[in-house]
Structures are given as structure tokens and as C-alpha cells.
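Excluded from the calculations below are hydrogen atoms, water molecules and symmetry mates; all remaining heavy atoms, backbone and side chain alike, are included. One-based numbering, in listed order, for ligands and for the atoms of each.
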Amino acid sequence: MVRSVRAWGVLALGLCLLAVSSRARAQSLSGAFDGSGSASLDIPSAKSPAALAAAAQAAQAGRDAAVPRAKQSGADLFYFTKEEAAAARKKFGMREETVNTKGLVFDSDVPAAIQAQMRADMAFMGTIQGGAGTPLHQKIFGSVNGADYLRFFETRVTGIGMDDCGSAKAVACVIPYQDPSKMWLTQNFIKFDHPQISRMMIVFHEARHTETRHGNWPHATCPTPFLDANGNDMVSIWTGATLAGEPACDVTPLGSYGSSTILLKNVQKFCANCTQKVKDDAGLYADDQMGRIIDDGARQEMLTDFNQ
Ligand SMILES: [Zn+2]
């Protein structure tokens with residue numbers, strides 16, 4: 001999302017272009033005006049640096065506006081479309097995971113309490129030991145091992161900032177068309193009434209969304225109706241909202257919901273130094289997120305993987 005401006009997208013863009021062109025004109029006029037005569041009132045040249053800069057800015061704004069921003073319903077995690085991811089890739093280019101990481105890099109406006117929570121959570125992830133894990137876990141994260149988890153996160157997420165992520169209930173998001181390798185946290189990160197491992201599930205879900213070479217793994221749309229095994233409406237474990245028709249599902253084990261489900265299932269099964277509470281929490285949230293995998297082949301692949 002583009003903060004509160006988005007709702008006013010088209011109007012704001014129009015105003016923005018007006019502002020850009022009048023500012024360019026004002027700058028050009030003020031630069032030329034020396035009180036010596038009428039020459040100072042000339043219309044700015046189309047080739048003046050200010051006019052060229054304004055034109056470039058307007059062209060970029062036009063390109064950015066060409067892809068409509070996905071509206072956030074707030075029913076579940078932040079959502080972007082395939083088209084938005086493609087536009088972001090055009091704008092930023094393909095990014096590879098960096099080899100050398102700088103650890104967790106926070107913007108200066110991230111509150112100390114949120115930085116401390118994130119550091120504590122990632123320090124916890126860094127302690128996990130559980131051996132090789134399942135084949136799908138190996139493929140995505142490496143071993144069930146703290147060092148592999150930190151490397152996965154830090155080679156993808158190069159900066160952490162504050163945003164509202166488009167919803168009053170959001171916890172974290174990656175917004176590819178703003179910056180494909182940045183993660184945004186919301187104030188809910190420290191108000192969130194869920195266990196630590198589920199918060200980590202969200203940030204690893206979001207980290208998967210930085211992968212431009214995979215189109216940032218956009219969500220799939222959940223079916224309508226969308227019912228659980230008992231015939232009840234599927235609801236978000238985060239927000240309680242009904243998920244039928246929401247872009248809050250996955251059709252591949254490798255996507256953001258799929259990969260974080262695999263992470264938690266492996267923690268539940270293999271973590272050798274986790275408390276029983278952590279393992280139980282991991283299992284509870286993994287089983288919940290497994291319900292978002294709506295492709296039969298993908299589900300079967302995951303179920304088979306979890307038994308290896
Ligand atoms: Zn997501």
C-alpha cells in the first residue's frame with residue numbers, strides 16, 4: 001500500500017502532477033527573476049533541468065499508476081497481485097539474495113520496543129536445532145537449524161521499516177512495488193496476541209514475498225464457499241475474518257503460506273531444543289495454515305513430505 005494516499009490514488013496523482021509542474025515553473029521563474037526586466041517572465045524552457053526532472057517524475061508516476069493497487073480487505077495478510085509484482089520487477093529489476101548480510105537493519109523510526117521484539121524473536125529462531133528436516137524444508141530453508149533460518153531471512157530482507165500495511169489488523173508486510181526487499185512492521189507487532197512462533201511464521205511468510213525471481217510468490221484466491229472438514233467457514237487465525245473469496249490461499253507448497261507451513265511443521269516435528277509449548281504452537285499454526293493450500297496436488301506433496 002502507499003500509505004493513506006492510496007484511497008485517493010487517481011485524484012492525488014492528478015494533484016501531484018499539478019504540484020510538480022507548478023513547482024518546476026516556480027523554481028524556473030524564481031531562478032531567472034532578478035528584477036531586471038521582462039525576460040524573467042519567460043515561460044520555462046522545455047529543456048530546463050527543472051522541466052526535464054518534472055517530466056521524468058511525471059512519466060515515472062504514470063508508469064507506477066498503470067498497475068492498479070490491490071485493495072486490502074484486512075481479512076488476512078497483506079496482498080499484492082501478479083501484475084503488481086511484475087511491475088515491481090520491471091521497476092527494480094530482478095534481485096538475487098545477497099551473500100553478505102548486515103543482520104537486521106532497522107529504519108530510525110522503528111520504535112525501540114518493536115526492534116527489541118524483532119531481535120528477540122530472531123535470536124530465538126537462531127537457537128533452533130533439529131537436524132535435516134523434510135525434503136521440502138531442505139529445498140526452501142536448508143536444515144531445521146537456527147543459522148539456516150537467519151541466513152534465509154537476512155539474505156532476503158535487507159531493511160525493516162514501519163508501515164500500516166493497509167489494514168488495522170496487519171502485523172507485517174512486503175510491498176514489492178515500494179521495495180521488493182524491505183519488510184514493514186506495524187504497531188501490532190508488539191500488541192499481537194499470538195505466540196512467538198506464529199509471529200515468526202508471519203515474518204518468514206513475508207520474507208518469501210521478497211523473491212522477485214518467483215514473482216514474489218503472490219497468494220491464490222480462496223474458493224467460495226471455503227469450508228473446513230466440519231463444514232464450517234474457514235476463518236483467518238489472525239483476524240477471525242471469513243476467507244472465502246479472499247486472496248489468502250496458496251496453490252503450491254513453495255509459496256508464502258506453503259513455505260511457512262513447512263517451516264512450522266518441521267519445528268513441531270524435529271526441534272530438539274524447543275519447549276513442548278513452542279512445538280505445540282508450531283503444530284497448531286502449521287495445521288491452520290495447511291488449510292490455505294487449496295490445490296490437491298500441493299496438499300498431497302506436503303502431507304507426503306511431512307511423513308518423511
Ligand atoms: Zn503473503
Fill in: Polar contact flag, side-chain donor to acceptor under 3.5 angstrom, Tyr285-Asp280
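On atom types as modelled, these side chains do not qualify, holding no pair under 3.5 Å.
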Worksheet item: With sequence neighbours excluded, what pairs up with Asp233 under the salt bridge (Lys or Arg N to Asp or Glu O under 4.0 Å) test?
Response: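 Asp233: no salt bridge (Lys or Arg N to Asp or Glu O under 4.0 Å) contacts found.
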Worksheet item: Residues in salt bridge (Lys or Arg N to Asp or Glu O under 4.0 Å) with Arg299, at least two apart?
Response: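 With neighbours one apart ignored, the set is empty.
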Practice prompt. Would you check, one step at a time, whether the test side chain to side chain donor-acceptor pair (under 3.5 Å) holds for Asp296 with Gln300?
Written response: CA-CA 6 Å; Asp296 286 343; Gln300 199 48 57; over 6 Å; no
Item to complete: Kindly give the cluster partners of Val251, where membership spreads through any ILVMFWY side chain lying under 4.5 Å from a current member.
Response: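 Members besides Val251, by chain and number: Phe226, Met234, Leu243, Ile294.
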Discussion item. Whether Arg292 and Asp250 form a salt bridge (side-chain N of Lys/Arg under 4.0 Å from carboxylate O of Asp/Glu) is what I want to check.
Written reply: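 Arg292 and Asp250: not salt-bridged.
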Discussion item. Distances under 2.8 Å only: what protein N/O/S atoms are near the Zn ion (ligand 1), ordered by chain and residue?
Written reply: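 Listed by chain and number, the nearby protein N, O or S atoms are His205 NE2, His209 NE2, His219 NE2.
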